[in-house]
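Residue numbering restarts at 1 for every chain, and letters A, B, ... go by the order of the sequence lines. None of the values given here were measured: they were computed from a predicted structure.
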Number of protein chains: 2
Amino acid sequence: MYSHHFSINNIPFGIASSSSHPDKAAATRFEDTVIFLDELAKYHSSLSSSTVSTFSLETLNSFAALPKSQHAETRKWIQSHLTNIASLPPSTKSPISETTLHLPLSIGDFTDFSCSRSHVLNAAEAVFGKRSLPPGFEYFPVGYHGRTSSIVPSGTPIVRPNGQYRDEEGKVVFGATKRLDYELEVAAVIGKPSVLGEPVAIENADEYIFGCVLLNDWSARDIQGFEMTPLGPLHGKSFATTISPWVITLDALSPFKIPAVARNSDIILPLYLQDPDPLPTFEIELKAEIQPKDGSEATVICKSKFSSLYWTLRDLVAQQTVNGCSLRTGDLLVTGTISGDKTGENGCLLEMVAKGGIKVKNVKGTVETKMFFDDGDTVCLSAYAGEGVGFGDCVGTILPAK
Amino acid sequence: MYSHHFSINNIPFGIASSSSHPDKAAATRFEDTVIFLDELAKYHSSLSSSTVSTFSLETLNSFAALPKSQHAETRKWIQSHLTNIASLPPSTKSPISETTLHLPLSIGDFTDFSCSRSHVLNAAEAVFGKRSLPPGFEYFPVGYHGRTSSIVPSGTPIVRPNGQYRDEEGKVVFGATKRLDYELEVAAVIGKPSVLGEPVAIENADEYIFGCVLLNDWSARDIQGFEMTPLGPLHGKSFATTISPWVITLDALSPFKIPAVARNSDIILPLYLQDPDPLPTFEIELKAEIQPKDGSEATVICKSKFSSLYWTLRDLVAQQTVNGCSLRTGDLLVTGTISGDKTGENGCLLEMVAKGGIKVKNVKGTVETKMFFDDGDTVCLSAYAGEGVGFGDCVGTILPAK
């Protein structure tokens, strides 16, 4: 019935500009048309002025911080205009191909959690030759803080980073990474801020989540491997992180709510991680593709499911705040790499190293093996929940090191 | 000659408010008087309007992002008024005791590096019973990303965090940390931003550093210990980080420049870490004190030296950006715990655990042993370079868990 990612059932929020609308402003997308909300509000608005005043700002932070009721009201207001989109004034509309999409929010903090049991087991096998979980994995979402200055919107080229690492003979060298990887992830974008010192109860977690974006946590595995003991990843990841430009709201995702996976029944979780919601997560199909620089056809390199995660986005809100840490509007709470157990479900290349890498079509129609990315490769993440609700693309092309 | 931290040789920058100046504004401090720069500029200004316009903002970010020449000009302009401070209009001045000091900048990213060889060796001995360095330690500054939403100005109470950890029998429990610790650190505050994808050469590093503050990287050692493998510290630190309110500029610190410590001569560092500056660091005396809740006299628990660090602030700028990561105004690049090798030079309590803890005076005049902090304890960091140039205090009092 619906196949486009941006049907009337979606109504994502982003920040856009175009030649006819050079100032950045809040926007939504219907099929292949971007609609500027500041212009739409001039044409017709039943919304409160506190909502409308956020539409002409350069980020969605002020809009995202509004009560959820105002987001829902905005969503309905937009939907009411889509039944006759042809009648909207030209100033409100721009074809997606002629629109620039920007970072949707100013991001204060970015925590990347480790939510996928399969990813952790696959990665441990690849690095240590043994499928084992980190000590805390089944007790709470473990994770690390990420860098926010280098978060870029989809389409921004990714410069291959330099750094120090051990070469194949074990010698420490400085140079361009030889093991550039992606990670297929989903980020919860915080709307309502929380108060320092006051944990958010898991039953209230949704109130704080404005919506979700796709996130590619680009990783230089050689740099990361050398630095990681004991303080975790830093320079191996801080060179760039790509997010998709459209924030998909929980309202849009709510028809796809499903139960979470079963957890280790030997562990009784503390109350702050006992979620009373029987449908705390979402069925979303995730996909990663690579388009090699030779212009050959894209190859799907991963298909995995958001619902396979051991920890939910609601768990991440509870975990991040249980120690009193505050949330600010625009913060990202992220799932970590989302992988499955089966062949073709690996959400990063590291997991495939021991299995001989990935198979990629080249321009001659033959299939080549790739261990990590080459300069010129384009990586595209996408996600689709169903019924015309998808995330669109999260794309980056790798440029040579400087 | 000078003994006050805030003599005419210092001229720090901060954000202040008072009952007579309720709006936050840029300020400096001379001895025990806070001077509001927006009011001082109304009284007399020889500064450019681009400088003056930043004085009435709620953070120092815009001021910090100005060229260094404008900071130097502002410093001289302030100094010219201090010779006759009595003649300044009352609206420009507020006694420090009647002034509220706020977070001086909006902080986008906070990287905590590991620069103290002694700390790393002492901590390894405390945790693993063996003095060993992390694999990368002598090759580059290793580190982790910290949380910025929970960075608070000196004086903000610190609520003891809850979390999961292994108790003494090895059972995983949830509750208030029993091992609450401090870390004595210094942060470089970024002024001039850098461009994503473009490393900052080490010889230009000072251009990007607006100044320095003290930083207490509060740590819950039990929570941290359970979560840290393999992704590093997160919830064990994200509950709160305290910084001192006054940014001490490199101009104020420049009389105290000295050579860095000798490095491992077996390792040839890559060019990006070869600093041509023969005086790349500073002689600064650091101190930590504890004031127990019983009101007894404060006990000095650490004295250490900034100059003992294996890596300099200039190294941190080069390291953070070598992979293309960008710096934004307000970012913090931090030294990690600053410890020495001798007794009394331990910049956190963890290092003292195996040595039987610290000795603290109580109200009865007797001395008690303390392994970690109790509720009600006040921890005060301070630092003094010399000639009337100091950092003032960085203070936090521990409140019971919620």
Side-chain angles (χ1 to χ4, degrees), chain A residues 107-112 114 134-136 139-140 142-150 152 156-157 159 161-164 172-174 177 193 196-199 220 223 226-236 238-240 267 270-272 319-320 322-328 331 399 402, chain B residues 107-112 114 134-136 139-140 142-150 152 156-157 159 161-164 166 172 174 177 193 196-199 220 223 226-236 238-240 267 270-272 319-320 322-328 331 399 402:
Chain A
I107 299 164
D109 279 297
F110 154 30
T111 313
D112 209 0
S114 182
Y139 293 89
F140 61 94
V142 297
Y144 71 94
H145 297 288
R147 180 86 188 172
T148 66
S149 71
S150 49
V152 295
T156 307
V159 178
N162 289 308
Q164 294 191 56
V172 177
V173 295
F174 171 72
T177 176
L196 188 65
E198 296 187 11
I223 299 171
F226 186 42
E227 75 185 352
M228 210 161 150
T229 304
L231 297 177
L234 180 66
H235 308 293
S238 63
F239 59 94
I267 293 172
L271 279 176
Y272 81 91
Q319 181 61 36
Q320 182 79 60
V322 71
N323 66 352
C325 180
S326 53
L327 302 173
R328 289 181 298 189
D331 286 355
L399 300 187
K402 285 191 179 171
Chain B
I107 299 164
D109 278 295
F110 154 30
T111 313
D112 209 1
S114 181
Y139 293 89
F140 62 94
V142 297
Y144 72 94
H145 297 287
R147 181 87 189 172
T148 65
S149 72
S150 50
V152 295
T156 308
V159 178
N162 290 307
Q164 295 190 56
R166 288 196 185 276
V172 177
F174 171 72
T177 176
L196 187 66
E198 296 187 10
I223 298 171
F226 186 41
E227 75 186 352
M228 210 160 147
T229 305
L231 296 177
L234 180 68
H235 308 294
S238 64
F239 58 95
I267 292 172
L271 279 175
Y272 81 92
Q319 181 61 37
Q320 182 79 61
V322 71
N323 66 353
C325 180
S326 53
L327 302 173
R328 290 180 299 189
D331 286 354
L399 301 186
K402 286 194 178 168

Query raised in the report: Which is it for A:R328 and B:T148 under the side chain to side chain contact (heavy atoms under 4.5 Å, CB included) test, yes or no, and what are the steps along the way?
Result: CA-CA 10 Å; A:R328 289 181 298 189; B:T148 65; 2.5 Å; yes
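Here B:P230 is the residue among B:G236, B:G197, B:P230 with the most heavy-atom pairs under 4.5 Å with chain A. The residue among B:P233, B:G143, B:G136 with the most heavy atom pairs within less than 4.5 Å of chain A is B:G143. Listed options B:I223, B:L399, B:D331 were ranked by heavy-atom pairs under 4.5 angstrom with chain A; first place goes to B:D331. Options B:Q164, B:K402, B:E198 differ in how many heavy-atom pairs under 4.5 Å they form with chain A, and the most are formed by B:Q164. In terms of heavy-atom pairs under 4.5 Å with chain B, the best-connected choice from A:A240, A:G146, A:P199, A:P134 is A:G146. No other option in B:V172, B:V159, B:T177 has as many heavy-atom pairs under 4.5 Å with chain A as B:V172. Residue with the most contacts toward chain A among B:G232, B:S326, B:S149: B:S149 (heavy-atom pairs, distance under 4.5 Å). Listed options A:P161, A:G163, A:G324, A:C325 were ranked by heavy-atom pairs under 4.5 angstrom with chain B; first place goes to A:C325.
Here the closest heavy-atom approach between residue A:S150 and residue B:L196 is recorded as CB-CD1, 3.6 Å. For A:F239 against B:N323, the heavy-atom pair with the smallest separation is CB-O, 3.1 Å.
In this structure, chain A has heavy atoms under 4.5 Å from both the backbone and the side chain of B:F226. Contacts between B:P270 and chain A at a heavy-atom distance below 4.5 Å involve the side chain alone, from C-beta outward. Contact annotation for B:L327: both backbone and side-chain heavy atoms come within less than 4.5 Å of a heavy atom of chain A. Proximity to chain B is absent for every atom of A:V173, based on heavy atoms less than 4.5 angstrom apart.
At least one side-chain heavy atom of A:L231 sits less than 4.5 Å from a side-chain heavy atom of B:S114. Using a 4.5 Å heavy-atom threshold, the side chains of A:Y272 and B:N162 count as separate. Looking at heavy atoms from C-beta onward, B:M228 lies out of side-chain contact with A:V142 at the 4.5 angstrom threshold. The shortest distance between side-chain heavy atoms of B:T111 and A:R147 falls below 4.5 Å. Looking at A:E227 and B:F140, their side chains come closer than 4.5 Å, going by heavy atoms from C-beta outward.
A distance of 11.0 Å separates CG of B:D109 from NE2 of A:H145, quoted to the nearest 0.5 Å.
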